[in-house]
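First the structure, in the form of structure tokens, and then the observations on it.
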Amino acid sequence: MASPKSFLWTRRIVLTLLLLFVLVPVYVMLSSSLKKLQDVQGSFKWIPSGLTIRPYIDIWSTVPLAHYFMNSLIVSVSATLLSVAVAIFAAYGVSRYRFPGRRFFTITVLSTQMFPGILFLLPLFIIFVNIGNSTGIQLYGSRLGLIITYLTFSLPFSIWMLVGYFDSIPRDLDEAAKVDGCGPFGALFRVVVPAAIPGIIAVCVYAFMTAWGEVLFASIMTNDSTRTLAVGLRGYATQNDVYWNQVMAASLVVSVPVVAGFLLLQRYLVAGLTAGAVK
Amino acid sequence: MTATAPPRSAPEAGPPSGKKPAAGGRLRPRIPVRLRQLGLPYLLLFPALILELLIHLIPMVFGIIISFKGLTQFFIRDWGSAPWSGLDNYRLAVKFNQPVGEALLHSFWVTCGFTILSVGFCWLIGTAAAILMQDAFRGRALMRAVFLVPYALPVYTAVITWTFMFQQDTGLVNHVLHDQLHLTSDKPFWLIGPNSFWALVIVSVWKGWPFAFLCLMAGLQNIPRELYEAAAMDGAGVWQQIRKITMPSLRPVNQVLILVLFLWTFNDFNTPYVMFGQSAPHAADLISIHIYQSSFITWNFGSGSAMSVLLLLFLLLVTAVYLLLTSRKRGDADA
């Protein structure tokens, strides 16, 4: 398609400005993480005077970063796997069957998206404390409590997206499987799930990012031993100083796996959105 | 199996044995099959239902109950013994000439302004980027990946980086504004005082626009190329094609996208909390932080719950009105 000059110039200018807007903070993160402490304490410099990898060594001892990392990893991975498993069953039910209460279910689940997190933070906090007191199951301050909480955060969006995805898979496929002797679960796992892999990957990415980035519940529901990265990173700020070079180094270390994973899988997310949410 | 299936309980994707009697030659007794089919969808939904009940619905009902109680830190271990206070918490929250109500109203307006600006810019930038990148050009895939980085970054690392850039004496923002461009006579504060509102909006837009971009890109893929080709044959220029084909085709995506962005932004807690900590500056006192502070800093759970319920009612109202308005427009398309 022949585009007029005005369009091409608009494209060049707008996209360049956007690239700058996106990349400047990334550059600040990277360059500051390689500066000496005195350099990040003075006026900002675009070009660091001397590079050091010292911050990348110090981050592990200033705060127990590895420990926080493990906590975040355990919580996020468990929440993701459980959430996606639950979402697959629910989406299959909604996509393939008509039953009384189907509409009510989808509306209820979707409307939980609009609940302000703060609304159920207080009650959940009190419920967890009281469950701990009466049964001895420590949910408050434990990883389990956080996992259960997080797995419901991505659930509505995951179900929604997977229903769209499952709907786009021809029914004839799983009906044929049933004709060949599969039960409904056989049809789900042998036909629908393999055909919906891109959608399932997209939902996994979304669920993992939701859990990895959550701050509110992590700040209330964890204690010293279960603290996640979201809360732990604040440890680099002491009473008098903020070790900005270490903060940036730690931020980068924490971000790289998520960003790399996301960029590798992003085409699935686009595919998932196209089939699911957008339609 | 009889031809007249019971009206609502029969699965739409009927069992193969129903439609094709001889197929497969499955020898299952009829009634158990029917029963299993009736129970199956509920079985599939059961885990999701239990979890939603446990984490969302029960706490919500519980939160509504708490909002009618004078629940403070003294009653956490035995919340049932907290005294009933009736509508006191609500009355306190909506007395806008008293300190509590005044502060709530203020944070409500701040949140409205923040949400409108943030969602507006996210949508605008996302739309522009998606349309400008619809056609292939050199470096498009790489650029798309770069644009998604802010969305992929964990919220707190992104916001911490911006907080560093907004530092009054050591930050990049003041370095550029004051030292390099000489736009300001001194180095303004960004994380306290009136500027904090704008700092919050900028961070929120930076973090949020790629999601709009992602959704709109997905939406653009659904537009058949033939439409553009036909329009070009008829002599429509690029700008006209965007106005007449692209924008109308994106309407269904936009309806969902704007609602989702609105809800997420209005409830956003992460951005202000990482930027400002437990108490935000007056100009950037978003409602979620405000409620958090009333609940966990001053330990007045009853009052915090009442504010949460009011917030939820407001969001329900806006969503209902929005859905009514948009569903009327697309009414016959759905039917």
Side-chain angles (χ1 to χ4, degrees), chain A residues 3-4 7 11 14-15 18 22 25-26 28-29 41 43-44 86 89-90 92-93 96-100 105 109 112-114 116-120 122-124 126 129 133 149 152 155 171 175 178-179 181 184 212-213 215-216 230 233 244 247 251 254-255 258-259 262-263 266 270 273-274 278, chain B residues 8 11-13 16 23-24 40-41 44-45 47-48 51-52 55-56 59-60 62-63 76 79 128-129 132 145-150 152-157 160-162 164-165 170-172 175 215 218-219 221 238 253 263 267 269-270 273 288 291-292 295 301 304-305 308 311-312 315 319:
Chain A
S3 304
F7 180 80
R11 182 158 88 186
V14 172
L15 294 184
L18 263 180
V22 167
V26 177
V28 169
M29 202 193 261
Q41 283 172 334
S43 183
F44 182 83
V86 171
F89 285 117
Y92 184 64
R96 291 299 196 255
Y97 297 92
R98 296 293 175 271
F99 52 91
F105 173 79
V109 167
T112 58
Q113 278 279 307
M114 78 173 71
I118 197 85
L119 173 67
F120 41 85
L122 317 167
L124 216 52
I126 297 173
V129 167
N133 286 342
T149 316
T152 60
L155 204 53
R171 265 158 216 278
E175 294 202 2
K178 284 183 195 162
V179 172
W212 191 260
V215 178
L216 173 60
L233 280 196
W244 280 115
V247 177
S251 298
V254 167
S255 305
V258 197
V259 175
F262 179 81
L263 292 183
Q266 48 107 353
V270 175
L273 282 170
T274 315
V278 165
Chain B
R8 269 131 51 83
E12 195 181 81
L40 188 63
L44 288 166
L45 298 191
L51 285 164
E52 287 296 329
I55 303 296
H56 286 133
M60 195 180 75
F62 193 44
I76 286 185
W79 68 278
L132 291 174
V146 172
F147 282 172
L148 294 177
V149 166
L153 278 175
V155 187
Y156 46 91
T157 60
I160 286 176
T161 307
W162 275 98
F164 176 50
M165 288 163 60
T170 61
L172 167 135
H175 176 65
C215 289
Q221 288 182 356
V238 176
V253 183
L263 291 172
N267 289 330
F269 174 86
N270 298 341
Y273 184 73
S288 52
I291 295 174
Y292 177 91
S295 314
F301 290 114
S305 294
S308 307
L311 172 62
L312 179 67
L315 292 174
T319 308

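Proteins get letters first, then strands, A, B, ... in listed order; numbering begins at 1 in each.
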Practice problem: Give the minimum heavy-atom separation between A/Phe44 and B/Thr170, together with the two atoms involved. | Solution: CB-O, 3.6 Å
Quiz prompt | Heavy-atom contact with chain B under 4.5 Å, split by part of A/Val259 | solution = both
Self-check item: When A/Trp244, A/Phe7, A/Tyr92 are compared by non-hydrogen pairs under 4.5 Å with chain B, the top option
Solution: A/Trp244
Quiz item: Given the options B/Leu315, B/Ile291, B/Leu132, which has more heavy-atom pairs under 4.5 Å with chain A than any of the others?
Solution: B/Leu132
Exercise. Start with the C-alpha gap between A/Phe105 and B/Leu45, add the side-chain angles, then the distance that decides, and say whether side-chain contact (heavy atoms from CB on, under 4.5 Å) holds.
Key: CA-CA 9 Å; A/Phe105 173 79; B/Leu45 298 191; 3.7 Å; yes
Quiz item: Can you tell me how far the CG atom of A/Leu263 sits from the CG atom of B/Leu148, to the nearest 0.5 Å?
Solution: 7.0 Å
Quiz item: What heavy-atom pair brings B/Ala48 and A/Ala90 nearest, and what distance separates the two atoms?
Solution: CB-CB, 3.9 Å
Quiz item: Using a cut-off of under 4.5 Å for heavy-atom pairs, which of A/Val109, A/Leu15, A/Val14 has the most such pairs with chain B?
Solution: A/Leu15
Quiz prompt | Straight-line distance of A/Met29 CE to B/Thr157 OG1, nearest 0.5 Å | solution = 4.5 Å
Quiz prompt | Interface residue of largest heavy-atom contact number with chain A, from B/Gly171, B/Ala152, B/Ala145, under 4.5 Å | solution = B/Ala152
Self-check item: Nearest heavy-atom neighbours spanning A/Ser43 and B/His175
Solution: OG-ND1, 3.8 Å
Practice problem: Determine, step by step, whether B/Phe147 and A/Leu18 satisfy the side-chain contact (heavy atoms from CB on, under 4.5 Å) criterion, reporting the C-alpha distance in whole Å, the side-chain angles of both residues, the deciding distance to 0.1 Å, and the verdict. | Solution: CA-CA 8 Å; B/Phe147 282 172; A/Leu18 263 180; 3.8 Å; yes
Quiz item: If every non-hydrogen atom of A/Ser251 is compared with every non-hydrogen atom of B/Ile160, which pair is closest and at what distance?
Solution: OG-CG2, 4.3 Å
Practice problem: Please flag which part of B/Leu263 lies under 4.5 Å from any non-hydrogen atom of chain A: side chain, backbone, both or neither. | Solution: side chain
Quiz item: Which residue out of A/Leu155, A/Thr149, A/Leu216, A/Val26 racks up the most heavy-atom pairs below 4.5 Å with chain B?
Solution: A/Leu216
Quiz item: Step by step, would you call A/Phe262 with B/Val149 a side-chain contact (heavy atoms from CB on, under 4.5 Å)?
Solution: CA-CA 9 Å; A/Phe262 179 81; B/Val149 166; over 6 Å; no
Quiz item: Nearest heavy-atom pair of B/Phe62 and A/Pro123: which atoms, and what distance?
Solution: CD2-CB, 3.3 Å
Quiz item: With only heavy atoms counted, which part of B/Tyr292 is less than 4.5 Å from chain A, the side chain, the backbone, both or neither?
Solution: both
Practice problem: Under 4.5 Å heavy-atom distance to chain A, tell me which part of B/Thr319 shows up: side chain, backbone, both or neither. | Solution: side chain
Exercise. Could you tell me which of B/Ala129, B/Ser295, B/Ser288 has the largest number of non-hydrogen atom pairs under 4.5 Å with chain A?
Key: B/Ser295
Quiz item: Would you say B/Phe164 and A/Val247 make side-chain contact, with heavy atoms under 4.5 Å?
Solution: no
Practice problem: Measure B/Phe269 against the heavy atoms of chain A and call it side chain, backbone, both or neither at under 4.5 Å. | Solution: side chain
Quiz item: Which pair of non-hydrogen atoms, one from A/Val258 and one from B/Pro154, has the smallest distance, and what is that distance?
Solution: CG2-CG, 4.3 Å
